[in-house]
> 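Before I ask anything, here is the structure I am working with.
For this chain, numbers begin at 1 and follow the sequence in order.
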Amino acid sequence: MGLYERHAELLSLREEIGRAAEAVVAAYKAGKKILLCGNGGSAADCEHISGELIKEFKIRRPIDPALREALERAGRADMADKLAGGICSVSLLSQSAVFTALCNDVGYEYAFAQQVCAMGAPGDVLFAFSTSGNSKAVVNAAVTARACGMTVVGFTGQGGGMLLPHCDIRINVPETETYLVQELHLPVYHEICALAEEKIWGDCR
C-alpha cells in the first residue's frame with residue numbers, strides 16, 4: 001500500500017514531496033550534498049534521514065563502476081560487493097563538539113546557520129525541520145542556505161510559521177500538535193528517500 005493510501009491527508013502534498021525527491025536526485029547527480037537540521041524529535045529525524053540516504057534503503061545500490069574497478073585492482077572485490085551507492089548527507093546535529101561550541105560561543109539560534117555557512121554551496125539542499133515553523137535556529141539556517149544558493153526543503157506543521165517564506169519546497173503537514181506533526185513527517189521523508197533511490201538506482205535492479 002502506497003503513502004497516499006495509508007495517509008490520504010498527505011495527498012495535497014504529493015507534488016511538493018515529488019519535488020523534494022527531485023531536489024535530492026539533482027544534488028546527487030551534481031556531486032552535491034544534503035544538509036539537515038531540526039530540534040528535539042526533529043533532530044532525531046535528521047539523523048534517521050541521513051542514514052536512509054547514505055546507505056541502501058529499499059533497493060540494491062551498486063557502487064560507481066570506477067570505484068568497483070579500483071577496489072578490484074586493490075584485491076578487495078569483497079568490499080566492492082559489500083559497499084553500496086550513497087547520497088552524501090550531513091545531519092548538522094552529528095558533530096557534537098562543533099555544535100556545542102557554537103551554542104556556547106555564538107548562541108543556539110546561529111548554531112545551524114554557521115554550519116551551513118561553512119559547508120553549504122550552490123546546488124546543495126537543506127532539509128529544515130520545525131514542527132511549528134518558528135524555531136529561530138532553523139529559520140536562520142534556511143535564510144543562510146538560500147543566501148548560499150542552496151535549495152531549502154521545509155518540513156513543518158500546518159501553516160508553516162516563520163520558516164515557510166524561506167523555503168523553496170514546502171511540506172507543511174496538516175497537523176499542529178508537535179507529536180502528530182512528527183508522526184506525519186516520518187512517512188513523508190521515507191517516501192522522499194524511496195523516490196530518490198528509485199530514480200537514481202532503479203534501473204540497476
Side-chain angles (χ1 to χ4, degrees), residues 3 16-64 67 82-103 108 111-131 135 137-142 144-146 148 150-156 163 167-169 171 173 181-201:
L3 173 66
E16 293 293 273
I17 291 169
R19 290 181 63 212
E22 290 289 355
V24 172
V25 173
Y28 171 81
K29 290 182 175 179
K32 302 297 182 177
K33 60 190 171 294
I34 315 300
L35 303 180
L36 308 99
C37 67
N39 306 297
S42 295
D45 286 329
C46 291
E47 298 284 349
H48 185 163
I49 300 167
S50 187
E52 309 293 22
L53 295 175
I54 287 173
K55 62 180 286 294
E56 290 176 345
F57 179 45
K58 292 181 68 177
I59 63 175
R60 177 66 182 148
R61 302 179 182 180
I63 60 173
D64 183 87
L67 176 57
K82 279 290 187 181
L83 297 177
I87 299 168
C88 182
S89 63
V90 180
S91 167
L92 300 182
L93 288 305
S94 61
Q95 299 190 89
S96 58
V98 172
F99 186 72
T100 54
L102 289 169
C103 291
Y108 181 74
F112 298 138
Q114 179 57 48
Q115 291 183 80
V116 171
C117 181
M119 289 188 271
D124 289 344
V125 178
L126 176 71
F127 278 15
F129 282 81
S130 174
T131 57
S135 165
V138 175
V139 171
N140 287 342
T144 306
R146 286 183 114 185
C148 289
M150 298 172 61
T151 297
V152 177
V153 182
F155 293 80
T156 73
L163 180 61
C167 298
D168 301 290
I169 298 168
I171 300 176
V173 300
V181 173
Q182 291 169 341
E183 284 182 4
L184 289 180
H185 280 172
L186 190 150
V188 166
Y189 64 68
H190 270 173
E191 179 76 358
I192 291 168
C193 292
L195 288 172
E197 184 178 63
E198 181 67 30
K199 288 175 183 293
I200 296 168
W201 289 284

> Would you compute the distance between atom CD1 of Ile54 and atom SG of Cys88 and round it to the nearest 0.5 angstrom?
7.0 Å

> For a quick test of reading the model, state the closest non-hydrogen atom pair linking Cys37 to Val138 and the distance between them.
SG-CG1, 4.3 Å

> To the nearest 0.5 Å, what is the distance between CZ (Phe99) and CG (Leu93)?
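Taking CZ in Phe99 and CG in Leu93, the distance rounds to 5.5 Å.
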
> Among Ile49, Val181, Thr156, whose side chain to side chain contact (heavy atoms under 4.5 Å, CB included) with Phe129 holds?
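Output: one option passes, namely Ile49.
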
> Under 4.5 Å between any side-chain heavy atoms of Ile17 and Leu3, yes or no?
yes

> For the atom pair CD1 (Ile34) and CZ (Phe127), what is the distance rounded to the nearest 0.5 Å?
5.5 Å

> Among pairs that include at least one residue of residues 37-63, which meet ring pair (Phe, Tyr, Trp, His ring centres under 6.0 Å), considering only residues two or more places apart or in two chains?
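Qualifying pairs: His48-Tyr189, His48-His190, Phe57-His190.
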
> Over all heavy atoms of both residues, which pair between Ala128 and Val152 is shortest? Give the atoms and the distance, please.
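It is CB-CG1, 4.4 Å.
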
> Looking only at heavy atoms, which two atoms of Gly123 and Ala27 are closest? And how far apart?
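Nearest pair, atom of Gly123 first, then Ala27: O-CB, 3.8 Å.
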
> Closest heavy-atom contact between Ile169 and Ala23?
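Smallest interatomic distance, heavy atoms only, reads CD1-CB, 4.2 Å.
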
> Should the pair Glu22-Arg19 be classified as a salt bridge under the 4.0 Å nitrogen-to-oxygen rule?
no

> For Cys46 versus Ser91, what's the shortest heavy-atom pair and its separation?
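The pair with the smallest heavy-atom distance is CB-OG, 3.7 Å.
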
> Looking at side-chain heavy atoms only, is the closest gap between Ile87 and Ile200 below 4.5 Å?
yes

> Is there a side-chain contact between Ser135 and Leu163 (heavy atoms, below 4.5 Å)?
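No - every pair of side-chain heavy atoms lies 4.5 Å or more apart.
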
> Minimum heavy-atom separation for Gly86 and Tyr28, please, with both atom names.
O-CE1, 3.4 Å

> To the closest 0.5 Å, what do you measure between NZ (Lys33) and CG (Leu53)?
14.0 Å

> Hey, does Leu36 have a side-chain heavy atom less than 4.5 Å from the side chain of Ser50?
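A side-chain contact under 4.5 Å exists here.
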
> Measuring from atom OG of Ser130 to atom CZ of Phe155, what distance do you get when rounded to the nearest 0.5 angstrom?
12.5 Å

> Could you tell me if the side chain of Ser42 sits less than 4.5 Å from the side chain of Thr131, heavy atoms only?
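Of all side-chain heavy-atom pairs linking Ser42 with Thr131, at least one is under 4.5 Å.
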
> So do the side chains of Val153 and Ile171 get within less than 4.5 Å of each other, counting heavy atoms only?
yes

> What's the separation between atom CG in Leu126 and atom CG in Asp168, rounded to the nearest 0.5 Å?
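CG of Asp168 is found 10.0 Å from CG of Leu126.
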
> Are Gln115 and Leu102 close enough that some pair of their side-chain heavy atoms sits under 4.5 Å apart?
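A side-chain contact under 4.5 Å exists here.
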
> Can you confirm whether Leu92 sits close enough to Met119 that some side-chain heavy atom of one is under 4.5 Å from a side-chain heavy atom of the other?
yes

> For Lys32, which residues count as a side-chain hydrogen bond (donor to acceptor under 3.5 Å, both in side chains) partner, sequence neighbours excluded?
none

> Per the salt bridge (charged side-chain N to carboxylate O under 4.0 Å, His left out) rule, which among Glu56, Glu197, Glu52 passes with Arg61?
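Testing each of Glu56, Glu197, Glu52 against Arg61, the sole residue satisfying salt bridge (charged side-chain N to carboxylate O under 4.0 Å, His left out) is Glu197.
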
